[in-house]
Amino acid sequence: MALLDHLNPEQLAAVTLPPERHALVLAGAGSGKTRVLTLRMAWLLQQGYVGPAGILAVTFTNKAAREMLARMTALLPLTPRGMWIGTFHGLCNRMLRAHHRTANLPATFQILDMADQLSAIKRVLKAHQIDDEKYPAKQVQHFVNKAKEDGLRPHQVEAPDSFQRRLAEIAELYQAQCEREGVVDFAELLLRSYELLRDHTSVREHYQRRFRHILVDEFQDTNRLQYLWLCLLAGGGASVFAVGDDDQSIYAFRGARVGNMADFERDFHETARIRLEQNYRSHGHILDAANALIEHNQGRMGKNLWTDRGEGEPVRVYEAPTDSAEAQWVLGEIESLIQEGWSRREIAILYRSNAQSRVLEHALFRAGIPYKVYGGLRFFERQEVKHALAYLRLMENPHDDTAFLRVVNFPTRGIGARTLENLVDAARLAGSSLYAAVPHVPGKGGSNLAQFVALIERMRFETQSLPLPELVDHMLDHSGLRAHYEKEKDGSDRLENLNELIPAATVFVDEGPTPELDADGEVLNADALPALAAFLSHAALEAGDNQASEGDDAIQLMTIHASKGLEFQAVFLTGVEEGLFPHENSLLDEAGLEEERRLMYVAITRARERLYISFAQARMLHGQTRYSIRSRFLEELPEGSLKWLSPRTRSFDEGAALRAAAWADSDWSGAASRLGQARASQPTNPLAAQGIQVGEQHFKVGQNVQHDRFGEGVILALQGSGQQAQAQIRFAAAGTKTLALGVAKLVTLDI
DNA sequence: GTGTCCCTCCTCGGC
DNA sequence: GGAGGGACAC
């Protein structure tokens, strides 16, 4: 069958697994994961095991969902009509829209993004006079989301102390506010959908009967709640086909639970485990480096990537004195790659944290090399666009207080803090939304408020029968947003973004799929909603592209997280330093370190032909110079696959032996966790340039020291503080070593 | 009520 | 270094 041509035996086994069986496919980086997933669906359909309406395929990103859909339609001559392919959030939204009454939600419920959620929480804290220093909004937000991601309501969360109990109370208050305002946050979409299925037998059975095949992409990134949701849907005997890679699990910080993979094999009987280990992407040295690195993690499901593409070139490693020197070096290498005829868009520069991009951008900019930075603000997250959306949300649901507060005085219309305080009081007294409480506010402020309400009402009335794009246009004029940005200097970009909303609405209307009904005539897709409500869901769930457009031949800059799932001919992995990568905040426990290592694994496996790894001795961070030593991850790469481009003061073997000695000497792993504590109690990290005081001694970069075994040396770098401080020291005879200053016996020498 | 200055804080980030 | 929020002056 043409569909199955060119598959390797493992891929073939996965695609053609008997339809009644569950599968856990361990798909290594570059092993053809998406291909297997889409072919499995196509094969099931083609063999007649299931119709399109019987398939549910779930991904994490809209991009992945789109790609899957595109590949499917290219494979089979059928419209994807009736198939549920989408993100967890998108599918849950769809389900909740269809059953909003059963789920106890208003038909026009709005979705809060992370920023909306944070401001909603700040309002809760204010309304209940809660000390926001003791209970910072960010921490409450984390508590709220963590609980939901675990499938729990606040009162179900274990609260060992009064602080936790109070957090849970605040979470309840926040939830009550959301209910009152008819809004749901991202995690609530999932939890509500889960509860809908759990508590309503008829709804559950309906979907269990319908979906006979459930396919899950990036299974290692699922959280507890997503897993429970899948279990409910599959509870009627559906087959689950889960594809994932435990070595690429890099989202524990947002609730992902690799343990779901093991649970899956336990909970779903007769699960076939299939490993895809042939890598079609990277050359041998690059794969060897990745394999050797990930070997250092414990408790893996086990997997070894191999390739028949040959060993290729070694991984190039470079040590720079400073971050700007590192950027200059990257620039130089890129210029010669371009001269050799490499395409710019096939070259990526990766980094651990966004703050690192600036110095790289600066170098590229000055050299006139086109580049694109991924990440950052997306279209629907821009301030002016969010203002516009807030007006639209108010027109759709006037009781949305978050939207109300965002624009009630924007553009300014004489409604100040005092007036709003009165309004908030009135609303609390009446137990109503701010919008509904406006008539209860006396005085001049009250009349200004009344004018605002009249404005919203007028906009609603006048746009009733307008098509969506014209409605948006009307709102931009009558809200005063357009006029405001027209007269603001430097407002032209913002104005442009506002106007961009009109074509966005046009595209949205044109692309809207036709409504889908189930056997009982119930509407099954959100798009049967009024166009405006659907457009607002779309804006919340798909914040827009921040990707470089295909045609642009530009160097690609992004964080390692953002690079997952992508591949490039050449990859520069920068800032590979202790404290930065692994990030110091991840060193508190072994799990954190292992996640950083998986992140490094992801970074390495992005490269097809060339991989460059670099680090700097000194770096500007938070406006201060920081000195650090190279990452332990470098020591975990096989020497035979590396080629050092900068002079090294010692051979690898020597270094490894010394490092082992340093570990034994200094109890480094313990020091790392104490370092975290020291940092918390002592927020200003002593500037290494000014030196570090350890006991009676004062150490500075550039200072000469004497060690009784290693002899005379000079301090190259310092990090940490107090007894936990470490120094990188170059010894005249013994090479460069990293020593714990609190442990190593060092004598400082004059000059 | 509005505009400006200073102080604080700081991973990673999709939906 | 730079964004966002609170305190304070117009």
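Below, chain A is the first sequence line, B the second, and so on; all start at residue 1.
Residue Asp221(A) is out of contact with every strand shown, counting any heavy-atom pair closer than 4.0 Å.
Taking atom CD of residue Gln117(A) and atom P of nucleotide dC15(B), one finds them 16 Å apart after rounding to whole Å. A straight line from OH of Tyr251(A) to C1' of dT11(B) spans 12 Å, rounded to a whole angstrom. Spacing between atom CG of Asp132(A) and atom C1' of dG6(C) amounts to 11 Å, rounded to whole angstrom units. Summarising the geometry, the separation between CG on Leu621(A) and C1' on dC9(B) is reported as 13 Å, rounded to the nearest angstrom.
Between dG1(B) and Thr419(A), a contact under 4.0 Å exists linking OP1 or OP2 to a side-chain N or O. One finds no side-chain N or O of Asn585(A) lying less than 4.0 angstrom from the OP1 or OP2 phosphate oxygen of dC10(B). Phosphate contact (OP1/OP2 of dC15(B), side-chain N/O of Asn62(A), threshold under 4.0 Å): present. Between Thr559(A) and dG13(B) there is a side-chain N or O to OP1 or OP2 distance below 4.0 Å. For dG5(C), one of the phosphate oxygens OP1 or OP2 lies less than 4.0 angstrom from a side-chain nitrogen or oxygen of Lys122(A).
Of the nucleotides present, none pairs with dC12(B) by Watson-Crick or G-U wobble criteria with both distances under 3.5 Å.
Between Phe615(A) and Phe581(A), the gap from one ring centroid to the other reaches at least 6.0 Å.
Across the interface with DNA chain B, nearest-nucleotide mapping of Gly90(A) and Ser353(A) shows Ser353(A) to be the residue nearer the 5′ end. Comparing Thr412(A) and Ser586(A), the nucleotide of DNA chain B nearest to each residue sits closer to the 5' end for Thr412(A).
In this structure, Phe88(A) does not pack face-to-face on the six-membered ring of dC15(B), missing the 5.5 Å centre cutoff or the 30° plane limit.
Remark: the backbone N or O of Ala252(A) is paired with a side-chain donor or acceptor of Glu595(A) at under 3.5 angstrom. Distance alone, capped at 3.5 Å, is enough to place a donor-acceptor pair between the Asn260(A) side chain and the Asn223(A) backbone. Side chain of Asp221(A) to main chain of Thr59(A): no donor-acceptor pair is present (N/O by atom type, distance under 3.5 Å, no hydrogens or angles). A side-chain donor-acceptor contact under 3.5 Å links Gln141(A) to the backbone of Met114(A).
Base orientation of dT11(B): syn (glycosidic angle within 90° of 0).
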